[in-house]
Amino acid sequence: ARAARAAEGRFLHLGAEARYPSGVVWVDGERSPLWQYQMQYLGSVLDLALCGQRGAAAELVASWRAAHGDAWHPVAWHPYPVSLRLANLCHSAAVLGSFDALGEGVADLVLCHAAFLLDHLELDVRGNHLLENARALVVAGRHIEGPLAHECAHVGESILAVEIPEQILPDGGHFERAPMYHALVLQRLLEVHAHLGPDHPLSVYVLAPAVRRMAAYLRATSCPDGGILLFGDSARGFAPPAGRLLEVAATVVRGADAIDDTEPGVFPAPDTGVAVLRSERAWVAFDTGPVCPAYLPAHGQSDPLTVEVWLRGQRIVADPGLGEYTGPERAWGRSSPAHSTLTLDDRDHSEAYGSFRVGGREGHVPPAVRGGAVVAGVRPWRSGALLQRSVRIREDDAVRLDDEVRGAGRATVRSRLHLAPGITIAAREERARTLATPRGAVAVRAGAAIAEEPGRCSWEIGRVEATTRLVVDLPSGDPARGWWEIAPAGDA
């Protein structure tokens with residue numbers, strides 16, 4: 001479908017389609033920066049190549065070369081799009097049999113990309129961007145010839161040997177703590193493993209152990225419907241499906257399916273900062289980790305202590321997800337009040353600003369498992385208060401959240417539940433709500449009067465849905481205490 005659109009000059013990214021009947025506009029100022037990046041990857045060329053449309057693929061490459069092949073542009077020649085484009089050109093040439101199949105001189109264009117990337121590695125950003133640079137160099141090293149091929153392979157493999165042990169935490173999570181990027185990084189490591197082969201030293205000693213841990217973590221933290229959590233900068237439909245990644249991982253790495261994701265109990269991932277609790281009818285994910293890596297704030301959100309709650313396989317309490325990387329939706333999705341967490345005077349736990357920055361950061365209290373409950377805490381930026389939450393699933397499949405705040409002074413302490421899109425309120429009492437869901441009624445009770453606020457959620461980038469947030473003000477005191485119960489009610 002993507003190839004058919006591209007052949008007609010139509011491109012669909014992030015839920016928004018552009019039509020260019022008179023020639024592709026590669027940097028369209030009317031589109032978001034992320035949308036422009038998507039165009040620059042030349043994924044559409046690979047789509048066409050995979051569908052056997054050699055002529056259309058070559059025409060698209062020629063169009064890009066006419067616009068940006070001989071002239072620097074900050075979007076076109078940013079190292080991240082260069083990395084994606086380099087790999088896509090190599091894969092397209094492999095599918096079609098040669099670089100010449102994409103047009104005369106494309107082999108030289110690929111060499112130019114490889115040389116440019118070697119001189120513009122994202123050492124300032126690091127994180128998943130540097131892994132993307134390294135993956136592209138490994139791919140290039142397998143598709144080009146000569147001394148540059150050896151340099152690409154050497155540099156790419158050297159970066160991976162250093163970065164993978166740092167970025168893939170002991171519990172298997174990616175250190176940027178966003179499930180969407182976890183899935184993207186896992187895909188890239190599987191791809192590099194395929195290029196190098198199972199007997200390459202990097203595959204044996206670095207890639208295979210990392211893939212094994214990452215796959216086990218992904219299996220354990222995937223939602224009841226098989227999709228990824230929306231914690232951090234995450235949305236669905238952007239990375240490969242979790243189930244497909246797990247299938248591939250299981251074919252190349254022994255032990256990638258070691259985690260049984262159906263057993264009731266608690267799966268703690270303290271390094272990444274996620275705990276998953278499950279029973280027969282309830283499933284809860286609890287964000288217990290720090291906002292971001294110490295030196296990489298790009299994908300940090302002010303969301304510690306937030307939860308996602310599923311009952312009977314239906315999402316009830318949701319994360320706001322990722323709607324956009326710029327503008328008001330970006331600011332909303334990163335804020336503490338947008339999440340199902342505690343706030344003091346509705347301030348953010350950490351100083352998230354701009355699109356990819358975090359200044360002042362919360363103090364993180366490591367999680368602990370106590371008697372079947374997961375307990376974690378946070379000290380908000382510029383506050384001496386301690387916010388603590390305990391999460392458990394009772395024997396009747398009711399989810400219980402117990403909140404306690406110490407040292408808040410005169411601040412208003414609020415606790416919110418962000419309902420998922422499509423969940424409506426069927427009945428109201430002062431301290432209770434009955435929710436209507438596609439899989440039966442749900443009862444929500446609280447330790448104080450419940451109010452309602454409008455919210456919004458983006459399960460897919462570019463798609464914003466209206467939601468409702470339930471909010472209670474915790475009674476004053478030191479400590480201030482409150483609680484929520486979310487339980488199945490009636491027949492499913």
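Annotation: side chain of Val284 is in contact with side chain of Ile393 (closest heavy-atom distance under 4.5 Å). Between Phe231 and Val274 the shortest side-chain heavy-atom distance falls below 4.5 Å. Taking the side chain as every heavy atom from C-beta outward, Trp310 and Val317 never approach each other to under 4.5 Å. Residues Arg177 and Pro290 meet the side-chain proximity criterion, which asks for heavy atoms closer than 4.5 Å. No side-chain heavy atom of Arg5 sits less than 4.5 Å from a side-chain heavy atom of Phe11. His418 is not listed as a side-chain neighbour of Asp319, based on a closest heavy-atom distance of 4.5 Å or more. Side-chain contact between Gln40 and Val75 is present, with at least one heavy-atom pair separated by less than 4.5 Å. At a threshold of 4.5 Å between non-hydrogen side-chain atoms, the residues Arg463 and Ser458 do not count as touching.
To the nearest 0.5 Å, atom CG of residue Leu230 and atom CD of residue Glu460 are 10.5 Å apart. The CG atom of Leu344 lies 9.0 Å from the OG1 atom of Thr412; values are rounded to the nearest 0.5 Å. A distance of 11.0 Å separates CG in Leu131 from CD in Glu122, rounded to the nearest 0.5 Å. Taking NE2 of His182 as the reference point, atom OG1 of Thr221 lies at 6.5 Å (rounded to 0.5 Å). Residue Thr306 holds its OG1 atom at 5.5 Å from NE2 of His339, rounded to the nearest 0.5 Å. Rounded to the nearest 0.5 angstrom, Ser335 OG and Asp303 CG are separated by 10.0 Å.
Salt bridge present: Arg315 and Glu308 bring a charged side-chain N and a carboxylate O closer than 4.0 Å. Salt bridge present: Arg236 and Asp225 bring a charged side-chain N and a carboxylate O closer than 4.0 Å. Using a 4.0 Å cut-off between a side-chain N of Lys or Arg and a carboxylate O of Asp or Glu, Arg416 and Asp346 qualify as a salt bridge. A salt bridge between Asp396 and Arg281 is absent, with no side-chain N of the basic residue lying under 4.0 Å from a carboxylate O of the acidic one. Look at Glu465 and Arg456 and you find no salt bridge, because none of the NZ, NE, NH1 or NH2 atoms lies under 4.0 Å from a carboxylate O.
The backbone N or O of Val471 sits nowhere less than 3.5 Å from a side-chain atom of Arg414 that would complete a donor-acceptor pair. Under a 3.5 Å cut-off, the side chain of Thr251 and the backbone N or O of Val248 do form a donor-acceptor pair. Under the 3.5 Å distance criterion, the side-chain polar atoms of Ser234 are matched with a main-chain donor or acceptor of Met180. Between the side chain of Thr467 and the main chain of Gly455, a donor-acceptor pair closer than 3.5 Å is present. Distance alone, capped at 3.5 Å, places no donor-acceptor pair between the Thr468 side chain and the Pro454 backbone. Arg433 places no side-chain N or O within donor-acceptor distance of the main-chain N or O of Val442, the cut-off being under 3.5 Å. In terms of modelled atom types and a separation under 3.5 Å, the side chain of Asp171 and the main chain of Asp271 share a donor-acceptor contact. Without hydrogens or angle criteria, Asp478 side chain to Ala480 main chain gives no donor-acceptor distance under 3.5 Å. Formation of a donor-acceptor pair under 3.5 Å by the Trp35 side chain with backbone atoms of Ala16 is found in this model. Under a 3.5 Å cut-off, the side chain of Arg312 and the backbone N or O of Arg439 do form a donor-acceptor pair.
Between Leu160 and Pro165, the shortest heavy-atom contact is O-CD, 3.8 Å. Pairing each heavy atom of Pro209 with each of Val206, the nearest pair is CD-O, 3.4 Å. The shortest heavy-atom contact between Pro337 and Thr343 is N-CG2, 4.1 Å. Closest heavy-atom contact between Glu324 and Ser32: OE1-CB, 3.4 Å. In plain terms, the two heavy atoms of Arg469 and Trp332 that are nearest each other are CZ-CH2, 3.6 Å. For His91 against Glu191, the heavy-atom pair with the smallest separation is NE2-OE2, 2.7 Å.
Residue pairs meeting the salt bridge (Lys or Arg N to Asp or Glu O under 4.0 Å) criterion with at least one partner in residues 42-52, sequence neighbours excluded, are Arg2-Asp47. Judged as a side chain to side chain donor-acceptor pair (under 3.5 Å), the pairs with a partner in residues 8-18 (not counting sequence neighbours) are, in order, Glu8-Arg10, Arg10-Glu17, Glu17-Arg19. For residues 479-489, the salt bridge (Lys or Arg N to Asp or Glu O under 4.0 Å) pairs, not counting sequence neighbours, are Arg394-Glu485, Arg400-Glu485, Glu404-Arg481, Arg445-Glu485.
For the residue pair Asp403 and Gln388, no side-chain donor N or O sits within less than 3.5 Å of a side-chain acceptor on the partner.
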Q) Which is it for Leu42 and Leu46 under the side-chain contact (heavy atoms from CB on, under 4.5 Å) test, yes or no, and what are the steps along the way? A) CA-CA 7 Å; Leu42 291 191; Leu46 180 55; over 6 Å; no
Q.
Pair Trp483, Leu401 - check side-chain contact (heavy atoms from CB on, under 4.5 Å), show working.
A. CA-CA 5 Å; Trp483 54 267; Leu401 312 179; over 6 Å; no
Q: Under the side-chain contact (heavy atoms from CB on, under 4.5 Å) rule, what do Val399 and Ile316 come out as? Steps first, then yes or no, please.
A: CA-CA 11 Å; Val399 176; Ile316 307 301; over 6 Å; no
**Q.** Residues Gln36, Asp28; criterion side-chain hydrogen bond (donor to acceptor under 3.5 Å, both in side chains); working and verdict
**A.** CA-CA 7 Å; Gln36 295 177 35; Asp28 189 338; over 6 Å; no
Q: May I have the step-by-step check of ring pair (Phe, Tyr, Trp, His ring centres under 6.0 Å) for Tyr37 and His78, ending in yes or no?
A: CA-CA 9 Å; Tyr37 268 37; His78 185 285; 5.5 Å; yes
Q.
Set out, in order, the CA-CA distance, both residues' side-chain angles and the distance that settles salt bridge (Lys or Arg N to Asp or Glu O under 4.0 Å) for Arg330 and Asp233, then state yes or no.
A. CA-CA 10 Å; Arg330 175 62 168 162; Asp233 276 354; 2.6 Å; yes
(Q) For a side-chain contact (heavy atoms from CB on, under 4.5 Å) check, start with the C-alpha distance between Arg135 and Leu84, then their side-chain angles and the critical distance, and finish with the verdict. (A) CA-CA 9 Å; Arg135 165 255 185 177; Leu84 273 293; 4.0 Å; yes
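The 12-atom threshold is not exceeded at CZ of Arg410, counting heavy atoms of other residues, nucleotides or ligands nearer than 6.0 Å. Applying the 6.0 Å contact sphere to CD of Glu453 captures more than 12 heavy atoms from other residues, nucleotides or ligands.
Here the two rings, on Tyr80 and His129, have centers that are under 6.0 Å apart.
Across Arg392, Arg389, Arg370, a single residue satisfies side chain to side chain contact (heavy atoms under 4.5 Å, CB included) together with Val375, and that is Arg370.
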